[in-house]
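Each residue takes its place number in the sequence, starting with 1.
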Amino acid sequence: MPSSASTAPPDHHQFRLDHLAAFLRESTWIQGNWNVYSDEHSDIDGVPYDEHDYALHQSRRDADIWHAFEQVRHSGKTLLATAEHQLQQIPADSIQTRWVWQLATLRSALNQLLAIQTDWTKYQDSLPIYVCPGTEAYEDAIAERNADAWTYLDDWTTHGQSVLEIHAAAQQAPSGLATAVPTRVPAPAARTGTVRR
């Protein structure tokens with residue numbers, strides 16, 4: 001085991017995993033509801049019957065997913081660092097080949113989400129005092145932030161289960177592996193721009 005790793009109390013890591021599992025349940029539910037709404041309120045080519053109502057529901061979806069991810073965003077770097085460390089120690093015959101690229105996808109998405117949040121915080125600090133929560137300008141800015149985040153949150157909904165799968169595989173490995181947490185957590189990569197849906 002690398003000397004850069006230390007052992008965290010099992011309940012701490014389980015707490016982070018529980019947050020991730022809760023996000024996956026909630027985001028799957030949110031996206032399922034959105035798919036039903038979208039199918040019922042657009043034609044066969046995907047053109048909305050009522051563009052204004054459709055945009056409102058889409059904005060609500062974006063906001064709900066953003067808020068659902070709140071706890072995972074704070075612990076995401078540690079979750080991924082732990083999963084990557086566990087993956088190096090799991091016996092080869094227990095590893096799913098997709099896990100490596102899924103973790104890479106999750107890390108890239110998390111870096112983008114953290115950059116979006118940093119940009120949002122800077123933007124908030126620059127706002128005049130009369131642009132506050134509840135004003136159109138403020139709410140439009142939040143909607144834009146949430147829309148920018150959608151693609152990356154969708155990546156976490158799609159691939160986040162891999163972190164739980166790796167943890168489960170690690171529990172079958174030598175004692176202590178399941179809760180080994182690297183002491184160094186990689187810093188977010190520089191942001192290269194946002195992707196719109």
Side-chain angles (χ1 to χ4, degrees), residues 13-39 42 46 54-55 57-88 90 94-123 141-170 181-182 184-197:
H13 187 55
Q14 188 60 54
F15 192 60
R16 291 187 288 266
L17 292 169
D18 289 346
H19 281 161
L20 173 58
F23 163 74
L24 292 173
R25 289 191 300 271
E26 187 172 356
S27 63
T28 299
W29 181 82
I30 291 167
Q31 292 198 45
N33 284 347
W34 164 254
N35 290 338
V36 171
Y37 170 84
S38 182
D39 288 345
S42 57
Y54 194 91
H57 278 78
Q58 193 171 44
S59 181
R60 182 71 263 166
R61 174 205 68 181
D62 295 347
D64 288 345
I65 291 281
W66 175 272
H67 290 300
F69 193 70
E70 187 70 19
Q71 294 296 327
V72 180
R73 184 165 55 251
H74 295 306
S75 63
K77 288 192 289 185
T78 302
L79 275 170
L80 292 177
T82 302
E84 288 162 352
H85 176 73
Q86 290 172 329
L87 192 56
Q88 294 174 5
I90 295 171
S94 299
I95 294 176
Q96 298 288 329
T97 55
R98 59 182 166 80
W99 285 344
V100 173
W101 65 261
Q102 283 183 302
L103 289 181
T105 298
L106 292 173
R107 182 168 293 285
S108 177
L110 180 63
N111 287 342
Q112 293 293 340
L113 289 166
L114 294 174
I116 288 170
Q117 177 61 23
T118 297
D119 287 351
W120 167 248
T121 300
K122 291 178 180 177
Y123 178 74
I142 289 180
E144 181 74 13
R145 176 202 67 184
N146 296 342
D148 286 343
W150 164 256
T151 298
Y152 310 114
L153 293 171
D154 186 52
D155 283 342
W156 270 83
T157 299
T158 304
H159 301 296
Q161 185 67 31
S162 62
V163 175
L164 303 180
E165 293 170 352
I166 291 168
H167 177 74
V181 180
R184 291 184 179 182
V185 177
R191 189 176 179 190
T192 58
T194 56
V195 176
R196 302 305 303 275
R197 2 178 232 291

Shortest non-hydrogen separation from [X] to [Y] and the atoms involved:
{"X": "Leu113", "Y": "Ala149", "answer": "CD2-CB, 3.5 Å"}
{"X": "Leu110", "Y": "Gly76", "answer": "CD2-C, 3.5 Å"}
{"X": "Arg107", "Y": "Ala81", "answer": "NH2-N, 3.6 Å"}
{"X": "Ala169", "Y": "Ile90", "answer": "CB-CD1, 3.9 Å"}
{"X": "Phe23", "Y": "Ile65", "answer": "CE1-O, 4.1 Å"}

Rounded at 0.5 Å granularity, tell me how far [atom1] in [X] sits from [atom2] in [Y].
{"X": "Arg145", "Y": "Asp62", "atom1": "CZ", "atom2": "CG", "answer": "10.5 Å"}
{"X": "Asp64", "Y": "Glu26", "atom1": "CG", "atom2": "CD", "answer": "7.5 Å"}
{"X": "Asp18", "Y": "Gln71", "atom1": "CG", "atom2": "CD", "answer": "11.5 Å"}
{"X": "Tyr123", "Y": "Glu144", "atom1": "OH", "atom2": "CD", "answer": "9.5 Å"}
{"X": "Asp154", "Y": "Ser27", "atom1": "CG", "atom2": "OG", "answer": "8.5 Å"}
{"X": "Leu80", "Y": "Leu20", "atom1": "CG", "atom2": "CG", "answer": "9.0 Å"}

Counting the benzene-type ring for Trp, do Phe69 and Trp156 have ring centres under 6.0 Å apart?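 Between Trp156 and Phe69, which both carry aromatic rings, the centre distance is below 6.0 Å.
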Ring centre gap for His19 and Phe15 strictly below 6.0 Å: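 Yes.
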State, with a plain yes or no, whether a side-chain heavy atom of [X] is found less than 4.5 Å away from one of [Y].
{"X": "His167", "Y": "Arg16", "result": "no"}
{"X": "Lys77", "Y": "Leu114", "result": "yes"}
{"X": "Trp66", "Y": "Gln117", "result": "yes"}
{"X": "Leu103", "Y": "Val163", "result": "yes"}
{"X": "Trp99", "Y": "Glu165", "result": "yes"}
{"X": "His13", "Y": "Leu79", "result": "yes"}
{"X": "Thr82", "Y": "His85", "result": "no"}
{"X": "Thr157", "Y": "Ile30", "result": "no"}

Contacts of Arg73 that satisfy salt bridge (charged side-chain N to carboxylate O under 4.0 Å, His left out) - sequence neighbours left out: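 Per chain and number, Arg73 pairs via salt bridge (charged side-chain N to carboxylate O under 4.0 Å, His left out) with Glu70.
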Looking at residues at least two apart in the chain, or sitting in another chain, which of them share a side chain to side chain donor-acceptor pair (under 3.5 Å) with His159?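 Checked His159 against side chain to side chain donor-acceptor pair (under 3.5 Å); matches are Gln102.
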Heavy-atom donor-acceptor pair, [X] side chain to [Y] backbone, under 3.5 Å:
{"X": "Trp34", "Y": "Gln58", "value": "no"}
{"X": "Thr105", "Y": "Trp101", "value": "yes"}
{"X": "Asn35", "Y": "Gln31", "value": "yes"}

Is a donor from one side chain sitting under 3.5 angstrom from an acceptor on the other, for Ser108 and Tyr152?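 No, Tyr152 and Ser108 have no side-chain donor paired with an acceptor closer than 3.5 Å.
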Begin with the C-alpha distance, continue with both residues' side-chain angles, and end with the deciding distance and a verdict on side chain to side chain contact (heavy atoms under 4.5 Å, CB included) for Asn146 and Ile142. CA-CA 6 Å; Asn146 296 342; Ile142 289 180; 3.6 Å; yes
